[in-house]
Novice: 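Following this message is one structure expressed as structure tokens.
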Amino acid sequence: LCDLFWAQLTISPVLNDRKRLIGHVGVMRDITAEVKAERELRYAAELQQNIIDTAATAIFTVDETGRIKTINRSFTNATGYTEQQVVGRHCSVLKGDPCLTRCNLFNSANPGPVFRKQCRITARDGKVLTIIKNASATRDDQGRVNGGIESFVDVTELVEARETAEEATRTKSAFLANMSHEIRTPLTAILGFTDLMARQALGPIGTPAYIGYLRDIHDSGAHLLALINDVLDMARFEAGCLELNEADVALDDVIQRSARMIQG
């Protein structure tokens with residue numbers, strides 16, 4: 001059995017003095033190694049392109065002037081631009097902010113890669129997208145910058161959801177603070193009047209049973225005020241302004257007050 005190999009064959013005619021064909025001369029060269037290397041390079045290029053196309057991250061490349069060379073499917077899904085619409089155009093078509101005024105990719109003062117930088121770009125339909133991007137310059141065999149590659153993830157919905165949640169938290173805290181103050185104002189008056197009556201500051205009011213009821217009213221009001229203060233403390237906690245102070249508590253007093261409140 002003979003081993004098969006790839007060959008490059010060159011055949012030239014042999015002519016006599018009368019310019020008539022009298023034969024042929026052939027030269028053959030074994031190019032098996034070259035064919036294998038070419039196939040491996042083509043396979044590697046196809047594999048790389050497949051990886052880029054199936055990546056969930058938007059990816060595009062530019063040349064040294066900033067003109068877009070390639071994009072992947074996720075780029076089209078995120079921006080709405082097809083390959084025919086952006087390849088060959090300058091990357092400023094995306095209206096990147098702050099990229100339009102300061103390009104970090106080709107910034108000689110900061111030649112390093114860009115990692116997890118939050119920026120904004122404009123999609124084809126005019127919608128402004130908030131993105132997190134990575135970018136790095138590419139270089140030729142001489143080490144000179146000949147382009148760049150950038151990938152990004154659209155986080156617009158996440159940013160909007162965070163801002164909505166923060167606004168809702170601020171609104172809730174403001175509501176709790178206002179509500180608590182509104183309730184605390186009449187409670188302070190109730191506690192003050194019941195305290196005066198319990199001490200009979202303005203004269204006797206009758207049987208001792210009423211004195212006990214007034215004390216219960218006063219204790220219930222004080223408990224409600226403590227609950228409102230807890231609500232205020234929650235608002236302070238969410239605002240990062242809560243200060244905790246440790247103190248000894250008489251447990252028997254807590255139990256007795258609780259029992260009086262549910263006595264009925």
Side-chain angles (χ1 to χ4, degrees), residues 42-140 143-178 235 238-241:
R42 186 165 60 249
Y43 172 77
E46 291 174 354
L47 178 62
Q48 181 183 32
Q49 189 60 45
N50 286 334
I51 292 174
I52 291 175
D53 282 338
T54 56
T57 302
I59 301 173
F60 69 99
T61 61
V62 297
D63 62 18
E64 67 274 11
T65 66
R67 295 190 177 277
I68 298 175
K69 295 167 57 180
T70 62
I71 64 173
N72 68 344
R73 292 192 187 98
S74 293
F75 178 94
T76 298
N77 295 337
T79 66
Y81 284 107
T82 64
E83 186 175 357
Q84 292 77 14
Q85 292 168 335
V86 292
V87 170
R89 299 179 65 181
H90 194 270
C91 60
S92 58
V93 67
L94 299 175
K95 300 177 183 178
D97 178 25
C99 308
L100 283 177
T101 56
R102 184 179 69 257
C103 177
N104 290 324
L105 186 60
F106 298 129
N107 185 1
S108 58
N110 182 28
V114 177
F115 181 68
R116 294 191 60 80
K117 182 175 179 61
Q118 181 171 317
C119 304
R120 288 187 297 272
I121 61 174
T122 303
R124 185 170 180 265
D125 61 3
K127 181 180 179 181
V128 177
L129 307 178
T130 301
I131 63 170
I132 300 294
K133 76 172 186 177
N134 296 340
S136 179
T138 57
R139 300 179 182 275
D140 58 19
R144 295 171 298 207
V145 174
N146 62 0
I149 181 169
E150 181 172 319
S151 63
F152 65 84
V153 177
D154 181 6
V155 295
T156 306
E157 293 183 357
L158 293 176
V159 171
E160 291 175 350
R162 183 186 65 188
E163 292 175 348
T164 300
E166 291 174 349
E167 179 61 27
T169 299
R170 288 191 294 268
T171 301
K172 182 189 70 174
S173 298
F175 169 75
L176 290 176
N178 292 332
E238 291 179 344
C241 303

Novice: Report the distance from atom NZ of K69 to atom CD1 of I149, rounding to the nearest 0.5 Å.
Specialist: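 Nearest 0.5 Å value for the NZ-CD1 distance: 10.0 Å.
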Novice: Of the non-hydrogen atoms in G148 and T138, which two are nearest, and what is the gap between them?
Specialist: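 Shortest heavy-atom contact: N-OG1, 3.5 Å.
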Novice: Before you tell me yes or no, could you show the steps for R162 and L158 under side-chain contact (heavy atoms from CB on, under 4.5 Å), namely the whole-Å CA-CA distance, both residues' side-chain angles and the distance that decides it to 0.1 Å?
Specialist: CA-CA 6 Å; R162 183 186 65 188; L158 293 176; over 6 Å; no
Novice: Would you confirm whether N72, through its side chain, and I59, through its main-chain N or O, come within 3.5 Å as a donor-acceptor pair?
Specialist: yes
Novice: Is the side chain of T57 donor-acceptor paired with the backbone N or O of V153 at a distance under 3.5 Å, no angle test?
Specialist: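 No, because the side chain of T57 does not come within donor-acceptor range (under 3.5 Å) of the backbone of V153.
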Novice: Mark yes or no for whether S136, through its side chain, and P113, through its backbone, hold a donor-acceptor pair below 3.5 Å.
Specialist: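 Not confirmed, S136 side chain does not pair with P113 backbone.
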Novice: How far apart are the C-alpha atoms of T76 and E83, what are their side-chain angles, what is the distance that settles it, and do they pass the side-chain contact (heavy atoms from CB on, under 4.5 Å) test?
Specialist: CA-CA 8 Å; T76 298; E83 186 175 357; over 6 Å; no
Novice: If the threshold is 4.0 Å, N to carboxylate O, is there a salt bridge linking R144 and D140?
Specialist: yes
Novice: Please identify each residue that fulfils side-chain hydrogen bond (donor to acceptor under 3.5 Å, both in side chains) with R170, with sequence neighbours left out.
Specialist: E167
Novice: Is there a side-chain contact between I68 and Y81 in this structure, where contact means two heavy atoms from C-beta onward sitting under 4.5 Å apart?
Specialist: no
Novice: Does anything in residues 116-136 pair up under salt bridge (Lys or Arg N to Asp or Glu O under 4.0 Å), and if so which pairs, sequence neighbours excluded?
Specialist: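 Pairs touching residues 116-136 that pass the test: D97-R120, K133-E150.
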Novice: Evaluate whether atom CD of E166 has more than 12 neighbouring non-hydrogen atoms of other residues, nucleotides or ligands under 6.0 angstrom away.
Specialist: yes
Novice: Minimum heavy-atom separation for Q85 and T82, please, with both atom names.
Specialist: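 What the structure gives for the nearest pair is OE1-N, 2.9 Å.
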Novice: Where is the tightest heavy-atom contact between V128 and T156, given as atom of each residue plus distance?
Specialist: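 Answer, listing the atom of V128 first, then T156: O-CG2, 4.2 Å.
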Novice: Rounded to the nearest 0.5 Å, what separates atom CG in L129 from atom NZ in K95?
Specialist: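 One finds 12.0 Å between CG of L129 and NZ of K95.
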Novice: Regarding T61 and T70, do their side chains bring together a donor and an acceptor under 3.5 Å, going by distance alone?
Specialist: yes
Novice: Not counting sequence neighbours, list each pair that qualifies as a ring pair (Phe, Tyr, Trp, His ring centres under 6.0 Å) and has a residue in residues 57-79.
Specialist: F60-F75
